[in-house]
Amino acid sequence: MATEQPFLPVLLGSDMNAYGMARAFYEAYGIKPLVLGRSHLTATQDSHIINFQEIDRLNEQDVFAPALAKVAKKYSDKKLLLLACGDDYAKLIIKNKPALQEHFTVPYIDESLMDEILLKENFYKMCDKYDFKYPGTTTVTAGNYENFTPPFEYPIILKASNSVEYWACSFPGKKKVFVAHDEAEKTAILKAIYSSTYQDTMIIQEFIPGDDSYMRVLNAYVGKDGKVKLMCLGNPILEEHSPEGIGSYAAIVTTYDKELMDQVRFFLEDIGYTGFANFDMKYDMRDKQYKLFEINLRNGRSSYYVTASGHNLMKYVADDHMLNIEQEVTYVQDKHLWMIIPKGVLFKYASNEKLKLEAKKLIREGKYTNSLYYNQDMNAKRWVKLTLNNLNYYRKYKKYFNNKGLTE
């Protein structure tokens, strides 16, 4: 049952993250967010807890600003809270922040700070200053890739520096992230990429050993007063392994590391950050250090794991910006299992036995959540689509999974 509220969340994107965010708003306030997306994806289809509006090319600047101005006009009787569900929308919100603020509450940083965090060379300087370790990293271009030799040992990771351009290109064997085990494989991958329309920089990174369970994800919310209000650390048990899903988490158990959280908290408060932040890192057993991969200027795709643990992530931003409720800092310590895959896939393909036992225990205790399956938002059509989607994971893992501790 939807409840009338003085504010309306406007979510940009229609994926699993959009659904998790909408579900969190509905659970906290009985409110149906407005979800704007370029296409209607399975996660948000046949849902009664969102109002979906399709806007073609919404992720392009010439469409973005006028489309949002139109939405603001239509809902001028409400306080509008604008939130991004993906990187492209987060960047667009930040670039258009001054104009958007005339109609929306925009809990994002300014463009100058975005450039400091997102431009790779600036990012690594920042890491050095705040003592975050990161993988050995270099770059290669369309002009010099044929003579390029990586400065570290194989295997190496290859990924596009410009994700927007990369998603727009196509070539045989395309993946989100590549692993090359030797010189020949590296050359073949780069040749395939640069034979496509993608001509921007590629990032080459040292590979940190260990399976998916060596990854860590941290979601944080920083209030409008510049103080961290919530931090929740997740330990992925398994990632997705299909070419388009690589690097996306499929199952996470909440975990706790006060030292790491203190370090991230100091960093966020010191640089003047506000809003959601999402950190991806990997534990390197060789030197017992976390290696930071990236910071996202939004909550992560899998961030419903925070809400599932009993700390509603969307309540933090709405209580802060819409309802002016004071908040103390919370480091989440409640154990919970979040997943978007069937249990059968999780226990067949995850290789960390200790985490698997913990996951089984949490399932027995009822402390587990699949964010797409929400009892209060279930109907026959949605159930059939989600179940087919779930069964599809068996096929995808069988086809793409390998257990070398590599993301391939």
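Values below: all heavy atoms of this structure, side chains included; hydrogens, waters and symmetry mates excluded. It should be emphasised that the depicted structure is a prediction, and the values quoted were computed from it without experimental measurement.
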(Q) If the condition is side chain to side chain contact (heavy atoms under 4.5 Å, CB included), which residues does Lys291 pass it with, not counting sequence neighbours? (A)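 Partners of Lys291 by the side chain to side chain contact (heavy atoms under 4.5 Å, CB included) criterion, ordered by chain and then number, come out as Lys133, Pro135, Ile208, Asp284, Asp287, Gln289.
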Q: Sequence neighbours left out, what passes side chain to side chain contact (heavy atoms under 4.5 Å, CB included) with Glu27? Give chain and number order.
A: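 Testing Glu27 for side chain to side chain contact (heavy atoms under 4.5 Å, CB included), a comparison that skips the adjacent residues, returns Arg23, Tyr304, Thr307, Asn312, Tyr374.
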Is there a side-chain contact between [X] and [Y] in this structure, where contact means two heavy atoms from C-beta onward sitting under 4.5 Å apart?
| X | Y | answer |
| --- | --- | --- |
| Leu233 | Leu260 | yes |
| Leu82 | Thr105 | no |
| Met202 | Ile193 | yes |
| Leu36 | Val10 | yes |
| Phe171 | Thr197 | no |
| Lys191 | Tyr145 | yes |
| Asn51 | Pro33 | no |
| Leu41 | Ser39 | yes |

Could you tell me whether the side chain of [X] and the main chain of [Y] form a donor-acceptor pair under 3.5 Å?
| X | Y | result |
| --- | --- | --- |
| Gln263 | Glu259 | no |
| Lys174 | Cys169 | yes |
| Lys79 | Met322 | yes |

Regarding [X] and [Y], is there a side-chain donor-to-acceptor distance under 3.5 Å anywhere?
| X | Y | value |
| --- | --- | --- |
| Asn392 | Arg395 | yes |
| Asn299 | Asn17 | yes |
| Lys343 | Asn370 | no |
| Gln205 | Thr137 | yes |
| Asn389 | Thr42 | no |
| Glu294 | Asn278 | no |
| Trp338 | Ser371 | yes |
| Tyr166 | Asp200 | no |

(Q) Among residues at least two apart in sequence or on other chains, which ones pass side-chain hydrogen bond (donor to acceptor under 3.5 Å, both in side chains) with Lys360? (A)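 Once residues adjacent in sequence are excluded, Lys360 has no partner under the side-chain hydrogen bond (donor to acceptor under 3.5 Å, both in side chains) criterion.
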Q: State plainly whether the residues Glu239 and Lys282 are in salt-bridge range, i.e. N to O under 4.0 Å.
A: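 Here Glu239 does not pair with Lys282 in a salt bridge, since their nearest N and O are not under 4.0 Å apart.
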Q: Give the ring-plane orientation class for Phe7 versus Tyr29, where under 30° counts as parallel, over 60° as perpendicular and anything between as tilted.
A: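 Judged by the thresholds at 30° and 60°, the geometry between Phe7 and Tyr29 is perpendicular.
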Q) What about the rings of Phe401 and His241, do their centers lie closer together than 6.0 Å? A)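 Judged by ring-centre distance (under 6.0 Å), Phe401 and His241 do meet the cut-off.
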**Q.** CA sep, side-chain torsions, deciding dist, call: Asp257, Tyr290, side chain to side chain donor-acceptor pair (under 3.5 Å)
**A.** CA-CA 11 Å; Asp257 184 326; Tyr290 290 110; 3.1 Å; yes
Q | Geometric cation-pi criterion, Lys159 with Phe293: 6.0 Å, 45° | A | yes
Q. Is the charged tip of Lys396 near the ring of Tyr393: under 6.0 Å from the six-membered ring centre and within 45° of its axis?
A.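 Yes, a cation-pi geometry.
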Q: Report the C-alpha distance between His336 and Tyr368 in whole Å, list the side-chain angles of each, state the deciding distance to 0.1 Å, and finish with yes or no for ring-ring contact (aromatic ring centres under 6.0 Å, His included).
A: CA-CA 6 Å; His336 200 88; Tyr368 73 98; 7.8 Å; no
Q: Give me the one residue out of Thr44, Leu386, Asp377 that meets side-chain contact (heavy atoms from CB on, under 4.5 Å) with Leu372.
A: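 The passing option is Leu386.
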Show which side-chain atoms of residues 213-223 pair as donor or acceptor with protein atoms under 3.5 Å away, not counting sequence neighbours.
from, atom 1, to, atom 2, distance (Å)
Ser213, OG, Asp211, OD1, 2.6
Ser213, OG, Asn352, ND2, 3.0
Arg216, NH1, Ser213, O, 3.0
Asn219, OD1, Gly300, N, 2.9
Asn219, ND2, Tyr305, OH, 3.4
Tyr221, OH, Asp320, OD2, 2.7
Tyr221, OH, His321, NE2, 3.4

**Q.** CA sep, side-chain torsions, deciding dist, call: Asp56, Arg38, salt bridge (Lys or Arg N to Asp or Glu O under 4.0 Å)
**A.** CA-CA 5 Å; Asp56 193 35; Arg38 303 191 298 280; over 6 Å; no
(Q) Does Asn324 form a side chain to side chain donor-acceptor pair (under 3.5 Å) with Lys224? I'd like the steps, not just the answer. (A) CA-CA 10 Å; Asn324 293 309; Lys224 60 187 179 195; 2.4 Å; yes
Q: Verify the neighbour count for atom NZ of Lys361: are there more than 12 heavy atoms of other residues, nucleotides or ligands below 6.0 Å?
A: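 No, NZ of Lys361 has 12 or fewer neighbouring heavy atoms, counting only those of other groups under 6.0 Å.
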Atom pairs and distances, side-chain donor-acceptor, residues 264-277, under 3.5 Å, sequence neighbours left out:
from, atom 1, to, atom 2, distance (Å)
Glu269, OE2, Val228, N, 2.8
Asp270, OD2, Tyr130, OH, 2.6
Tyr273, OH, Phe276, O, 2.6

Q.
Show me the pairs that pass side-chain hydrogen bond (donor to acceptor under 3.5 Å, both in side chains) and involve residues 107-117, at least two apart or across chains.
A.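 Listed by first then second residue: Lys95-Glu111, Lys97-Asp110.
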